[in-house]
> 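The structure is given below, and queries will be raised subsequently.
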2 protein chains.
Amino acid sequence: MPREIAERCDVIPALGEAFREHGFAGCSLSEITRRTGLGKGSLYHFFPEGKQEMAEAVLDDVANWFETNVFAILRESPDPGHGITKMFEEVDRYFRSGKRICLVGAFALDDTRDRFETRVNEYFTAWTRALADALKRNGFAAREARETAEDIVAGIQGALVLARSQDDPTVFTRVLKRLRERAMAGPDQ
Amino acid sequence: MPREIAERCDVIPALGEAFREHGFAGCSLSEITRRTGLGKGSLYHFFPEGKQEMAEAVLDDVANWFETNVFAILRESPDPGHGITKMFEEVDRYFRSGKRICLVGAFALDDTRDRFETRVNEYFTAWTRALADALKRNGFAAREARETAEDIVAGIQGALVLARSQDDPTVFTRVLKRLRERAMAGPDQ
DNA sequence: GCATAAATGTACCGTAGAGTACACACTAAA
DNA sequence: TTTAGTGTGTACTCTACGGTACATTTATGC
């Protein structure tokens with residue numbers, strides 16, 4: 001095996017941050033080599049399909065993280081209120097209280113979406129479904145639960161846009177807090 | 001003057017759609033010549049600073065449109081409720097009921113933001129300020145008005161992300177409807 | 001130690017990128 | 001009818017891009 005004990009999964013966080021910062025189109029291979037510390041040789045060894053495969057790996061990693069740390073808990077926690085609270089905590093942590101953007105959301109906006117269609121689609125579908133499920137088990141009617149879940153996921157994404165546009169992460173924190181209150185207030189608020 | 005009576009302002013809509021579709025980094029000059037029907041000669045005649053200046057012109061055009069059709073009405077309409085209703089109508093129209101993304105929001109997410117920092121910042125500042133003002137005049141307390149305005153602008157942006165990620169414009173329509181109801185319900189809801 | 005396979009660095013390829021130079025076309029006013 | 005200025009097309013530069021080829025290095029199981 002090699003000198004630098006690099007493994008494929010080791011570089012995925014760095015890849016993610018590179019794509020976050022520059023977008024898919026704007027993220028050049030030279031930037032990627034810089035950020036990961038890996039030369040083209042290693043990169044194409046781990047990701048034979050190049051940039052496309054790198055981004056797919058990052059998206060899969062993101063999906064996996066959310067599935068484990070957010071969606072599964074929303075779905076399976078015996079106390080749905082606890083699952084919802086946990087979701088807001090984890091989301092706040094993941095997006096660094098508004099200092100980090102959502103890669104999937106960013107990819108969704110331009111034609112990058114077409115390259116990763118199913119992944120982008122499934123990420124948001126899974127999120128809204130899992131949240132709606134938890135809200136329903138927490139007392140919301142089916143329809144209200146679906147609507148509220150949609151509002152909350154949209155609100156989180158929009159808060160990230162707003163926070164970054166203003167270069168003010170506190171916007172995210174504020175919006176997130178109010179979304180949480182709405183989710184926990186119960187169906188009749 | 002020239003054979004084709006093209007004017008600078010004529011190409012701005014086409015430029016906007018090109019940037020929307022590909023993002024700033026992903027939008028090549030050859031794509032721009034294709035979409036506008038103008039050769040490099042004409043483009044650099046109208047926009048000597050190149051792509052940067054083209055995008056600035058588009059952002060200025062967007063800002064101008066919103067100032068005229070949304071912000072001014074929010075601020076100046078004698079009936080603030082009418083201003084708010086009008087905002088939701090115009091926003092729905094502008095974003096083609098969810099089939100079109102927000103260019104400013106898209107630029108905000110990656111490092112494109114840095115190129116257009118003040119423009120991006122001011123767009124959202126102006127929007128939230130004007131909306132908060134209308135909400136306040138419509139009966140919301142100052143603090144509630146500010147918070148609700150933030151939630152609504154974020155909600156709109158997030159709804160655009162969600163709609164495009166799902167390739168389902170109706171998500172946007174649904175979220176927008178609920179945001180409008182919240183805005184019009186009054187401060188005690 | 002030696003074979004094997006996993007990593008790695010370097011040099012290279014063709015292409016497409018943004019931007020420039022400039023001659024030409026056209027129009028309108030003098 | 002000249003002239004001046006505004007568009008426009010073409011050809012060009014130079015750079016950076018994504019990707020490939022391949023020889024070389026390294027670690028480990030044998």
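Chain letters run A, B, ... following the sequence lines, proteins first and then strands; every chain starts at 1.
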> Measuring from the side chain of A:Ser42 (C-beta onward, heavy atoms only), which nucleotide among C:dG9, C:dA18, D:dT8 has the closest atom?
C:dG9
> Consider the side chain of B:Phe46, meaning its heavy atoms from C-beta on, and name the nucleotide among D:dG19, C:dG9, D:dG7 that approaches it most closely.
D:dG7
> Where the side chain of A:Ser30 is concerned, which of D:dT8, D:dC17, C:dG19 is the nearest nucleotide?
D:dC17
> Specify the separation, in whole Å, of atom CD of A:Glu49 and atom C1' of D:dT20.
14 Å
> Considering only NZ, NE, NH1 and NH2 on the basic side and carboxylate oxygens on the acidic side, decide whether B:Glu17 and B:Arg35 come within less than 4.0 Å.
no
> Between atom CZ in A:Arg115 and atom P in D:dG18, what is the gap in whole Å?
11 Å
> Distance check needed: C:dA25 P versus B:Leu38 CG, whole Å only.
19 Å
> Rounded to whole angstrom units, what separation is found between the CD1 atom of A:Ile32 and the P atom of D:dC17?
11 Å
> Taking atom P of C:dA7 as reference, at what distance in whole Å does atom CD of A:Glu7 sit?
7 Å
> Please report the distance, rounded to the nearest Å, between CZ in A:Phe47 and C1' in C:dA7.
13 Å
> Can you say whether the rings of A:Phe107 and A:Phe116 are parallel (under 30°), tilted (30 to 60°) or perpendicular (over 60°)?
parallel
> Considering only heavy atoms from C-beta outward, does the side chain of B:Leu160 approach that of B:Phe95 to under 4.5 Å?
yes
> How close or far is atom P of C:dG9 from atom CZ of A:Arg34, stated in whole angstroms?
16 Å
> Which of these passes salt bridge (charged side-chain N to carboxylate O under 4.0 Å, His left out) with A:Arg119: A:Asp61, A:Asp60, A:Asp114?
A:Asp60
> Of the options D:dT8, C:dA18, D:dG18, whose atoms approach the side-chain atoms of B:Ser28 most closely?
C:dA18
> Roughly, in whole Å, what's the span from CZ in B:Arg8 to P in D:dT8?
14 Å
> Taking the nucleotide of DNA chain D with the nearest heavy atom to each, does A:Glu31 or A:Gly41 sit closer to the 5' end?
A:Glu31
> Taking 4.0 Å as the cut-off, does a side-chain nitrogen or oxygen of A:His45 come that near to OP1 or OP2 on C:dA7?
yes
> Between C:dA18, D:dT8, D:dG18, which nucleotide has the shortest distance from any of its atoms to the side chain of A:Leu29?
D:dG18
> Could you tell me which residues satisfy side-chain contact (heavy atoms from CB on, under 4.5 Å) with A:Arg137, sequence neighbours excluded, listed by chain and number?
A:Pro80, A:Asp133
> Under 4.0 Å between any heavy atoms, over every strand shown, what does B:Lys40 touch: base, sugar-phosphate, or nothing? Just pick one.
base
